[in-house]
Q: 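Sharing a structure with you now.
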Amino acid sequence: MHNLLNDSEHVAFLAHCEKNIHFKTNQVLARFFENPLHVSAFMAYVRAPIEKNFLFVSNLFREHFFNIRFVKYLSSLISFASIDYHRSYGKHLLRNQLIFDVPAGNEGDMSLGEFVSLQKQPPDNMSFILTPEQFCESIEHNALYKAFSMLSDRQKEVITLVYAVGLLDSEIAHIFGVSQQAITKSRISALRKMRTHIA
């Protein structure tokens, strides 16, 4: 193996770079010669242009060039994966918009989401809603009442805890001892089912 760069090799290499400006302007070569071992191997070939020295510096350059291509490939792969994820997530959001954005009645002065939010703030003479049964009984909108009634027991619990009690999916998951993803899936499925019954 070649020794690392000494002073005389360094001076000789700088002189060689002055004669061959592309050593500095070409990014691949410039990065290659940032490594003292590469400079030392190259200068050994300049001093003694034999096959052994040529093969040694050539192999170093091939390895360097492969690493550049491989890093570029990984960067592109990560970039495309990120773009695909965001596209997929955006489509998911568009497909699963909350049904509570639609008007609550023919007048259109209040959305279902606003209506459900009001359920979180009962009058002083009314106890807080803690169960699906209490939530269902508090719903005055007929179509929403029927749609909620069609849900499974677990879906009713999730919808109640989210829209009446105001808990996050992660908090509900902790209560039930399941993953947050399971609660989110249950909530989205419940909203879809309600939407089909309200439409």
Side-chain angles (χ1 to χ4, degrees), residues 1-101 113 117 154-155 158-159 161-163 165-193 195:
M1 178 177 284
H2 295 274
N3 295 325
L4 293 181
L5 202 61
N6 58 42
D7 291 339
S8 62
E9 285 178 328
H10 183 67
V11 171
F13 177 70
L14 292 178
H16 197 80
C17 288
E18 291 299 322
K19 295 177 183 177
N20 300 277
I21 192 65
H22 60 278
F23 276 37
K24 294 180 180 179
T25 58
N26 185 299
Q27 291 295 317
V28 175
L29 287 176
R31 292 289 300 275
F32 177 73
F33 287 120
E34 287 177 0
N35 187 327
L37 174 62
H38 297 169
V39 176
S40 179
F42 175 74
M43 293 310 296
Y45 172 69
V46 170
R47 285 193 311 271
I50 59 176
E51 185 177 3
K52 178 182 176 183
N53 290 341
F54 173 77
L55 290 176
F56 184 68
V57 74
S58 294
N59 288 334
L60 288 175
F61 186 78
R62 282 195 193 96
E63 182 181 344
H64 170 73
F65 191 68
F66 171 80
N67 288 338
I68 291 176
R69 294 283 300 273
F70 187 63
V71 168
K72 186 176 180 181
Y73 167 74
L74 288 181
S75 298
S76 298
L77 194 65
I78 293 170
S79 176
F80 287 128
S82 175
I83 291 170
D84 287 343
Y85 169 79
H86 288 293
R87 282 180 181 165
S88 175
Y89 184 69
K91 288 179 181 178
H92 174 76
L93 289 180
L94 289 175
R95 283 198 306 265
N96 298 291
Q97 291 178 338
L98 293 178
I99 62 168
F100 294 131
D101 289 337
S117 295
R154 173 52 65 90
Q155 289 175 331
V158 170
I159 292 297
L161 291 173
V162 170
Y163 295 104
V165 180
L167 297 183
L168 300 174
D169 287 358
S170 56
E171 295 170 324
I172 300 171
H174 181 72
I175 292 171
F176 290 146
V178 298
S179 69
Q180 179 180 338
Q181 290 82 359
I183 296 300
T184 301
K185 183 178 179 181
S186 179
R187 175 173 56 79
I188 291 173
S189 176
L191 293 176
R192 284 177 178 166
K193 186 185 288 187
R195 180 170 53 194

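For the numbers below, each heavy atom of this structure counts, side chains included, while hydrogens, waters and symmetry mates do not.
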Q: Would you give the length of the straight line joining atom CD1 of Ile183 to atom CG of Leu161, rounded to the nearest 0.5 angstrom?
A: 8.5 Å

Q: Scan residues 167-180 for pairs that pass side chain to side chain donor-acceptor pair (under 3.5 Å), counting only residues two or more places apart or in two chains.
A: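 Passing the test, one end in residues 167-180: Asp169-Thr184, Asp169-Arg187.
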
Q: Could you tell me which residues satisfy ring pair (Phe, Tyr, Trp, His ring centres under 6.0 Å) with Phe176, sequence neighbours excluded, listed by chain and number?
A: none

Q: Sequence neighbours left out, what pairs pass salt bridge (charged side-chain N to carboxylate O under 4.0 Å, His left out) with at least one residue falling in residues 53-67?
A: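 Applying salt bridge (charged side-chain N to carboxylate O under 4.0 Å, His left out) to every pair that reaches into residues 53-67, excluding sequence neighbours, yields nothing.
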
Q: Could you go through the side chain to side chain contact (heavy atoms under 4.5 Å, CB included) check for Leu60 and Asn35 one step at a time?
A: CA-CA 10 Å; Leu60 288 175; Asn35 187 327; over 6 Å; no

Q: Please report the closest heavy-atom contact between Ala48 and Asn53, naming both atoms and the distance.
A: O-ND2, 2.9 Å

Q: Considering residues at least two apart in sequence or located in another chain, which fulfil the side-chain contact (heavy atoms from CB on, under 4.5 Å) criterion with Leu14?
A: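 For Leu14, the residues satisfying side-chain contact (heavy atoms from CB on, under 4.5 Å) (neighbours in sequence not counted) are His10.
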
Q: Give the ring-plane orientation class for Phe33 versus Phe13, where under 30° counts as parallel, over 60° as perpendicular and anything between as tilted.
A: tilted

Q: Judged by atom type as modelled, is there a donor-acceptor pair below 3.5 Å linking the side chain of Ser58 to the main-chain atoms of Phe54?
A: yes

Q: Test of understanding: with salt bridge (charged side-chain N to carboxylate O under 4.0 Å, His left out), list the residues that count as partners of Glu51, not counting sequence neighbours.
A: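 None.
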
Q: Where do Ile172 and Val158 come nearest, in terms of heavy atoms and distance?
A: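 Closest pair (atom of Ile172, atom of Val158, distance): CD1-O, 4.0 Å.
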
Q: Within this structure, what is the CZ-CG distance for the pair Phe56 and Leu37, rounded to the nearest 0.5 Å?
A: 5.0 Å

